[in-house]
Protein chains: 2
Amino acid sequence: MGDLKLPSLDPTSDRPVFKQIADHLRAAIESKALTPGEKLPSESQLIGHYEVARMTVRHALQILQSEGLTVAQHGKGVFVRPRPPVRRLASDRFARQHREQGKAAFIAETEGVGAKPSVDSITIKEEKPSQDIALRLGLSDADRVVVRARRYLIDGHPVETATSYIPASIARNTRIAEPNSGPGGIYARLEELGHRLDHFTEEIRARMPLRDEARALRLAPGVPVFHLVRTAYDQAGRAVEVCDTVMSSDAYVLSYELPAQ
Amino acid sequence: MGDLKLPSLDPTSDRPVFKQIADHLRAAIESKALTPGEKLPSESQLIGHYEVARMTVRHALQILQSEGLTVAQHGKGVFVRPRPPVRRLASDRFARQHREQGKAAFIAETEGVGAKPSVDSITIKEEKPSQDIALRLGLSDADRVVVRARRYLIDGHPVETATSYIPASIARNTRIAEPNSGPGGIYARLEELGHRLDHFTEEIRARMPLRDEARALRLAPGVPVFHLVRTAYDQAGRAVEVCDTVMSSDAYVLSYELPAQ
DNA sequence: CAGTGGTCTAGACCACGCG
DNA sequence: GCGTGGTCTAGACCACTGG
């Protein structure tokens, strides 16, 4: 880091000092003068270079952190945020041919890129659905759902949490309500139960994580999440599952194919 | 705001004071005790309530802002961030039937929900494509592209910037290279030129905006963007356009349909 | 004008990582 | 032990908003 050239402050500028400092460091990162994983100048070095108070350089560093450009490590320094490997999700990822090989979608996709997938925090319960879930599943007031929650990890790093809601009238006392849902996952079980799948819809939002989400996904500050809600329909046109997932946005690229007509 | 009940600090907790204050305010927002548009207690009020230094309450408020929960207005106060109306983009939005009614996709979608769409900052140039764009379009080294950039607004609020790249061999000296590309937009022109469209692919990322993007979309702090790259293919299988768009994440919900096989 | 948030200073003490 | 970042204080002056 010793050879990084930072400009001086422009005292004639209206731009606040902390923003100028943030601009300098941001430019260094975007121009690759500082590369991912590399250490930024320490607070003391920046204080010395710019001749400002500590809070001023901390403010600048905080800007970069909230932009997702850096991560601070207590006792070590501030580093350009390394970019984790990205999983590309293709629009055919739920095609029957993949499922019939006996692997759930997450496992199949991930092994393809040489990373070690795993799943933890599996919980299963039966409850009254929220209004939103009931609407998506076309359920009425008395109906209940089986709720399967789990967390997906790659090489030990959490990347996604998912919660599935299946009408209890379909899933109760089946393997769908067991922690290990068997080869091919719950979509394979739904087909065995006579709900041949026809299509899925996915709704995608992006936003900053809630506190719990940031903790569950071990997200660095400044990293948004994808919030994806998928609904599975059988060939009778019935919604048979809603899956609510929150994904670390820097672990994923979503990919879809659209028809021209 | 006068009737908001905030807990006291827990002096036995290890959790830093500024995080405890942020927790209290976040809980008030998430529980709807403070609703979108409503004013938070002022810094002086928080200083009085918690008996802490000003920088401590500012730190807490800054956390909420970086989470996208609040916006500060100089001289007025800090407010729960109002949620703008959301545009839902369906996966059939580029279907030929919509285009044939003579409207470009953005205009057609937006008028449907009673908002006033507009487009500005249209620029057109011809240039050598970046490596990424050349790869997506299947171009070789000597080829050039026509670049159409524009910004989309709803009721005067910018929501999306888009940049289209079309091989110059297709678009040069056509209406695609004119500011007004005519009824149905550039996809209609491409079809008239014999490139009957077959399908599109879209790649979606989410991230925090760059400085320029935050300015162009007038994004509040803590609001991420969708970065969407769409490629259009004609029935000969040729990529005829790449469109790179950056969208305010709180103005959009993206929606797709996936086949089960 | 009073009240609000925005910028900045100059200190203090603490907790972590590493040699 | 020393350098790093994390928390917190107690002030100062400024700029914007609204009555």
Side-chain angles (χ1 to χ4, degrees), chain A residues 1-2 4 8-25 34 37-66 69-81 214 218 220-222, chain B residues 1-2 4 8-25 34 37-66 69-81 214 218 220-222:
Chain A
M1 77 221 103
L4 178 67
S8 300
L9 295 175
D10 174 1
T12 73
S13 167
D14 280 352
R15 195 160 175 77
V17 171
F18 76 91
K19 288 190 182 176
Q20 291 189 49
I21 298 176
D23 291 344
H24 296 170
L25 294 169
L34 289 169
E38 197 170 353
K39 186 174 173 304
L40 272 65
S42 72
E43 292 180 359
S44 341
Q45 289 173 319
L46 291 171
I47 290 167
H49 178 79
Y50 289 112
E51 301 181 301
V52 294
R54 184 173 175 218
M55 286 309 297
T56 304
V57 322
R58 280 187 64 77
H59 197 169
L61 291 169
Q62 193 174 27
I63 300 291
L64 300 179
Q65 179 157 330
S66 78
L69 294 175
T70 60
V71 288
Q73 295 188 45
H74 197 166
K76 299 178 72 174
V78 177
F79 301 82
V80 181
R81 191 156 66 83
R218 292 208 272 276
Chain B
M1 72 226 93
L4 177 67
S8 300
L9 296 175
D10 175 1
T12 73
S13 167
D14 280 352
R15 196 162 174 76
V17 171
F18 77 91
K19 287 189 182 176
Q20 290 190 49
I21 297 175
D23 290 345
H24 296 170
L25 294 169
L34 289 169
E38 198 171 352
K39 187 175 172 302
L40 272 64
S42 72
E43 292 180 0
S44 342
Q45 289 173 317
L46 292 171
I47 290 166
H49 177 79
Y50 290 110
E51 301 181 299
V52 294
R54 186 174 173 216
M55 286 308 298
T56 304
V57 321
R58 280 187 65 77
H59 197 170
L61 291 169
Q62 193 174 26
I63 300 292
L64 300 178
Q65 179 157 330
S66 77
L69 294 175
T70 61
V71 288
Q73 295 188 46
H74 198 168
K76 299 176 73 174
V78 177
F79 301 82
V80 181
R81 192 156 63 83
R218 291 208 272 277

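Only a predicted model underlies this, so the values are computations on that prediction, with no experimental measurement involved.
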Using a heavy-atom cut-off of 4.0 Å to chain B, what are the terminal contacting nucleotides of DNA chain C, in 5' to 3' order?
C/dG3 to C/dC8

Kindly say if A/Lys76 contacts the phosphate of D/dG3, meaning a side-chain N or O under 4.0 Å from OP1 or OP2.
no

For residues A/Arg54 and A/Arg58, determine if any side-chain heavy atom of one lies less than 4.5 Å from a side-chain heavy atom of the other.
yes

Search all heavy atoms of A/Lys39 against all heavy atoms of A/Gly77 and return the closest pair with its distance.
CE-CA, 4.0 Å

Are any of the side-chain heavy atoms of B/Glu38 and B/Leu4 separated by less than 4.5 Å?
no

Please tell me which of A/Leu61 and B/Phe18 maps to the more 5' nucleotide of DNA chain D, matching each residue to the nucleotide holding its nearest heavy atom.
A/Leu61

Could you work out how much the helix from C/dC1-D/dG18 to C/dC18-D/dG1 bends, comparing the axis of its first five pairs with that of its last five, to 10°?
10°

Validation row: B/Leu9, B/Ile21 side chains within 4.5 angstrom (heavy atoms)
yes

Looking at A/Ser44, I'd like to know whether one of its side-chain N or O atoms comes within less than 4.0 Å of OP1 or OP2 on D/dT4.
yes

Is there a donor-acceptor pair closer than 3.5 Å between any side-chain N or O of A/Gln20 and the backbone N or O of A/Asp10?
yes

Heavy-atom side-chain proximity of B/Val80 to B/Leu40 below 4.5 angstrom:
yes

Residues at least two apart in sequence or cross-chain that pass side-chain contact (heavy atoms from CB on, under 4.5 Å) with B/His59, listed by chain then number, are A/Gln62, B/Phe18, B/Gln62, B/Ile63

Note: A/Thr70 and A/Leu61 closest approach over all heavy atoms is OG1-O, 4.1 Å

DNA chain C nearest-nucleotide lookup for A/His74 and A/Pro16: closer to the 5′ end is A/Pro16

Please compare A/Met55 and A/Gly75 by the position of their nearest nucleotide in DNA chain D and report the one closer to 5'.
A/Gly75

